[in-house]
Trainee: 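To start, I am sharing the structure in question, which I have written as structure tokens.
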Amino acid sequence: MASNDFSCISKGSDAVINEYRCSPCEEAANNIEAEFYCKHCGKFYCGECVKPHQQLFKTHRVNGKEEIAVWPVPSVTLDLLEKCDVHPNKKIKLFCEDHTQVCCNTCVSLSHRQCPNVSLISDRVKLQSSDNTRDILSEISIIVKILMKRQERSNKSMQSIKASHQDRLKEIAELRHKVGAALDKLEQNAIEEMGNIITSLNKPITVDIDNCSKFIGELKKVRDIMQDVEDKNKELRFIARIKSQEKLKQSETFLQDTDQSLKAGKSISFKANTDIETYLKLSSLGKAILLQPEAQNPDQTISVSYSQGIKLILDGRQNLDIMGSCGLPNGEILISELYSGKVFLLDRDFNVMCICELTSKPNTICQISTCEVAVTMKWGVQFISVDIQRLVKGMKLSFVHQCVDIACHKYSLYVTSGTALYHYKLTGRLVKKLYEDYTGRMTVTDCAVNSSGDKIYVTNNSHHKLLTLAVDGTVLSTFEDPELQSPGGVHVTPIGQVLVCGHTSNNIIQVDSSGTKKLATLVTGRKGVSFLRPVSVFKDSLSNCLIVSQWNGFHIIKLGLVQG
């Protein structure tokens, strides 16, 4: 059974106390909170009403809030518990064991008539030697914590969506600005083009106007001169007449040459670019698209591009017994080391950021959420939260069987004991023993669950096998290969690729998602790589590499993957 923390369960909370109302005040239609209870009178009293009560009944002992445990159940709670949810005007009196439901008489007659195990709750309570109220309170406490974390993640998700929305609005505004700027440029070009035409049209007209002004001036001048010399000098009058005739001739020639071009008045038309009109008829600047994860092939073969040994010095020790490792979404790594009894948080460069010391030696480690992991110890599981470069111990579960490895999917834990696989809720409540094999000492060692939760992969170290189980424990397939010896750690990548560590064959093998055939041998110590007794592997999507932990050594191996 799980051993849990009950500190967040309050038996005398304000929410319960506030359900008690002063009886005399309530009779006077005043809603006043009760502070005392008199068992003799069976009534509640506020601070003012208890004074006359004590004067009238000096032998009655009243119980204050500090003795809330002896107060009766408040009427609000009685209504909440006794009233049938389906038939509010009926009281719950019966219990159907077949459906594990409390019900009223109407419920029984309508829905439980065929159920053979319906009994009075009063009779059921008499036969029941003990109840599991403490365990239920524990589960409530744990589920509340889980729901609060879920709520926190949902709030963060909503904030992320909000931020994404603001970013997209900025993109729309930028596009609108670009479209506006492009239209402004098109307008400017059209205006310039029209201006050039106007200039070309106005140029000869301007010349014509200037010539007209010139001839008008010259003709007026010779006219004035002729008038001045008309009666004064015959020779000057002759010269003036000849020059005037010459100017008239020039003016007539000018008028004849330009008259034809100026007969029809010229104007400009504008022909719109219909391509722009077509685009302006669009319903939107663009289309909002909900990004969905691309469908990826779980049987896509992984290719290793390079291998790099990372030397670790944890807690001053160079010879390490790393039992498990896992990665967080931000690229940080957690490692469980056996003999120091500690969990180490490493940054992306494999430097120790902080350490968490456990009460028992750790085995394997798995991710529970984006900031929480679970570490198996010999007889239990310790939850650890990562809080801004700090490791904080949380809930601890204790089991009656040994704990070798652990995997998590949503709110289910899968724990191996060496010979059996157990399904637990995150609260530590046992759901079912899914599978067992007592033909060897380590027949059910490590386990992993695919992202959809419909397959569980289990390694059989004793008999060199990989089993694929359904969620009900049914064996779907068994994989064996001469290259896979003493399989240990098993890992399923986010897209469903299955990787298995060959502990004594010193290699990592990729198996297809159905667990029936080998797809590739990713790395092996027989090819000259410093690779010895791998115990765990996981894919770090952030850096696109595999991180492999080795037992009884001081290196972890970083395997770079081929892009694609």
Trainee: Hey, mind stepping through His491 and Tyr457 against side chain to side chain contact (heavy atoms under 4.5 Å, CB included) and telling me if it holds?
Mentor: CA-CA 9 Å; His491 172 68; Tyr457 302 95; over 6 Å; no

Trainee: Just verifying a value: how many Å separate Ile355 CD1 and Leu346 CG, rounded to the nearest 0.5 Å?
Mentor: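 The distance works out to 9.5 Å.
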
Trainee: Mind checking the CG-SG spacing from Asn506 to Cys501? Nearest 0.5 Å is all I need.
Mentor: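 Asn506 CG to Cys501 SG: 11.0 Å, rounded to 0.5 Å.
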
Trainee: Is it true that the side chains of Ser325 and Ser536 contain a donor and an acceptor less than 3.5 Å apart?
Mentor: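 Checked: Ser325/Ser536 side chains pair up, N/O donor to acceptor below 3.5 Å.
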
Trainee: Pairs in or reaching into residues 423-449: which pass ring pair (Phe, Tyr, Trp, His ring centres under 6.0 Å), with residues at least two apart or in two chains?
Mentor: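 Applying ring pair (Phe, Tyr, Trp, His ring centres under 6.0 Å) to every pair that reaches into residues 423-449, excluding sequence neighbours, yields Phe399-Tyr424, His401-Tyr424, Tyr414-His423.
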
Trainee: Answer yes or no: is there a side-chain heavy-atom contact under 4.5 Å between His112 and Gln101?
Mentor: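 A side-chain contact exists here, since the closest heavy-atom pair is under 4.5 Å.
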
Trainee: Can you confirm whether Glu97 sits close enough to Arg124 that some side-chain heavy atom of one is under 4.5 Å from a side-chain heavy atom of the other?
Mentor: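 With C-beta onward as the side chain, the pair touches.
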
Trainee: Charged N to carboxylate O under 4.0 angstrom, Lys156 versus Glu152?
Mentor: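 Between Glu152 and Lys156 there is a salt bridge, with a charged N closer than 4.0 Å to a carboxylate O.
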
Trainee: Does a donor on one side chain and an acceptor on the other come within less than 3.5 Å for Asp387 and Ser385?
Mentor: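 No donor-acceptor contact under 3.5 Å links the two side chains.
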
Trainee: When you check the side-chain N and O atoms of Ser462 and Thr443, is any donor under 3.5 Å from an acceptor?
Mentor: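 Thr443 and Ser462 do not have a side-chain donor-acceptor pair below 3.5 Å.
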
Trainee: Side chains of Thr416 and Asp405: do they bring a donor and an acceptor to under 3.5 Å?
Mentor: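 Result is no, nothing qualifies.
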
Trainee: NZ/Lys83 to CG/Leu78 distance, rounded to the nearest 0.5 angstrom?
Mentor: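 If I round to the nearest 0.5 Å, the distance is 11.5 Å.
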
Trainee: With sequence neighbours excluded, tell me which residues meet salt bridge (charged side-chain N to carboxylate O under 4.0 Å, His left out) with Arg348.
Mentor: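 Not a single residue meets the salt bridge (charged side-chain N to carboxylate O under 4.0 Å, His left out) criterion with Arg348.
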
Trainee: Could you tell me the separation between the CG atom of Asp167 and the CD1 atom of Ile172, rounded to the nearest 0.5 Å?
Mentor: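 Here the rounded value is 11.5 Å.
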
